[in-house]
Amino acid sequence: MHQFSHAWFDFAGKRDAFANYFSNSITATRAHKAFCLGLKRGYTDDYWGVSASDWEHGYAAWGGPPLMGPVDGSVVPCAAAGSLPFLPHDCVRVLRALRDNFGKDAWGRYGFCDAFHPDLHWYDPDVLGIDLGIGVLMAENLRSAFVWDTFMQNPEPVAAMKACGFHSARQTTNPSEPKPTAIPSSDQPVAPSTNRPPHIVSPKLVDQP
């Protein structure tokens, strides 16, 4: 709920009668990280994030709180990758750490495997497009806002949001979100769209091999 609609619709600086959904998703990402760390099951600032995925025994709709699934210490990289625009510094940190620490087993031709649990020496052999896809879309939205800007050029999403009562809410954008530390890049950074919240920058997310 906090990722897939945001991959396409540009909710930044907008709200309806109920919420600022971009700010709400920032809060949700922080809460999810805190939830993982609070489980005391091996999660750290460099290793966190679960979402419905494969696990050692098949498929799990990891859940909670309250716990509604065997959250056993596995990590699902798309949980952080799909949240990149919401909490860039924390999400880039964990993705880089996962690749640096477990890349030999967890990083392949298409990027991260779907899920893994290094203490159990389990790495998912399957490639799931829906999970890899949300990471690609959100990485590009963080980098350049290309998907947002392109999708919102269509009249249908604009008309739909207007019909649902969305209006500008720039003054309500979460002011407490820290601006992430710049991530060095040898490439010329692509400036994000001017209607992005100020914390969204253009880091080079993963060094080229």
Side-chain angles (χ1 to χ4, degrees), residues 1-7 9 11-12 15 18-102 106-107 111-124 128 130-139 141-142 172-181 197 199-200 203 205:
M1 293 188 297
H2 296 282
Q3 293 181 347
F4 281 91
S5 59
H6 285 266
F9 283 86
F11 289 104
R15 64 167 296 129
F18 305 99
N20 179 320
Y21 295 96
F22 198 96
S23 293
N24 189 51
S25 292
I26 293 172
T27 301
T29 306
R30 286 181 170 143
H32 180 73
K33 177 183 176 181
F35 166 72
C36 289
L37 270 59
L39 291 174
K40 308 299 182 184
R41 296 181 187 174
Y43 297 110
T44 69
D45 286 336
D46 292 332
Y47 181 89
W48 60 269
V50 292
S51 183
S53 72
D54 290 345
W55 74 307
E56 187 182 17
H57 303 291
Y59 177 83
W62 310 102
L67 288 176
M68 294 169 51
V71 186
D72 65 346
S74 296
V75 72
V76 185
C78 73
S83 300
L84 279 164
F86 306 137
L87 213 60
H89 185 268
D90 294 49
C91 291
V92 169
R93 172 177 173 169
V94 71
L95 291 170
R96 282 189 157 179
L98 292 179
R99 199 189 74 160
D100 290 346
N101 295 331
F102 310 107
W107 181 271
F112 285 110
C113 65
D114 191 55
F116 60 95
H117 194 317
D119 289 346
L120 300 179
H121 307 288
W122 177 79
Y123 297 84
D124 190 3
L128 301 184
I130 191 171
D131 290 346
L132 289 173
I134 190 64
V136 171
L137 291 168
M138 291 302 235
N141 279 330
L142 173 62
T172 64
T173 299
N174 194 331
S176 62
E177 165 65 4
K179 188 172 182 179
T181 303
H199 70 275
I200 293 185
L205 300 179

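Side-chain atoms of Asp54 do not come within 3.5 Å of backbone N or O of Asp124 as any donor-acceptor pair. At least one donor-acceptor pair closer than 3.5 Å links the side chain of Trp62 to the backbone N or O of Ser51. Side chain of Tyr43 to backbone of Val75: no donor-acceptor contact under 3.5 angstrom is found. No side-chain donor-acceptor contact under 3.5 Å links Glu56 to the backbone of His121.
Ring centroids of Phe22 and Phe11 are separated by 6.0 Å or more, keeping the two rings apart.
Here the side chains of Arg93 and Asp90 are not in contact, with every heavy-atom distance at 4.5 Å or above.
Between Cys91 and Trp48 the shortest heavy-atom distance is SG-CH2, 4.1 Å. Between Pro77 and Ala115, the closest heavy-atom pair is CD-CA, 4.2 Å. Residues Phe86 and Met138 share a closest heavy-atom pair of CZ-CE, 3.8 Å. When all heavy atoms of His32 and Ala79 are compared, the pair lying nearest together is NE2-CB, 4.4 Å. Heavy-atom minimum distance, Asp114 versus Ser53: OD2-CB, 3.4 Å. Residues Ala52 and Tyr59 share a closest heavy-atom pair of CB-OH, 3.3 Å.
Checked options Trp107, Trp55, Phe102; the residue passing with Phe116 is Phe102 (criterion: ring-ring contact (aromatic ring centres under 6.0 Å, His included)).
Note that CG of Leu137 is 11.0 Å distant from CG of Leu84, once rounded to the nearest 0.5 Å. Within the model, atoms CG of Asn101 and CZ of Arg96 stand 13.0 Å from one another, a figure rounded to the nearest 0.5 Å. Here Ser83 contributes atom OG and Lys33 contributes atom NZ; the two are 12.0 Å apart, rounded to the nearest 0.5 Å. For the atom pair CG of Asp131 and SG of Cys113, the computed distance is 11.0 Å after rounding to the nearest 0.5 Å. Ser74 OG to Leu120 CG: the interatomic distance, rounded to the nearest 0.5 Å, is 6.5 Å.
For the 3.5 Å distance criterion, the side chains of Asp46 and Thr44 fail to qualify, holding no donor opposite an acceptor. A donor and an acceptor atom, one from each side chain of Ser25 and His2, are located under 3.5 Å apart.
Checked against salt bridge (charged side-chain N to carboxylate O under 4.0 Å, His left out), Asp119 has no partners two or more places apart in sequence or in another chain.
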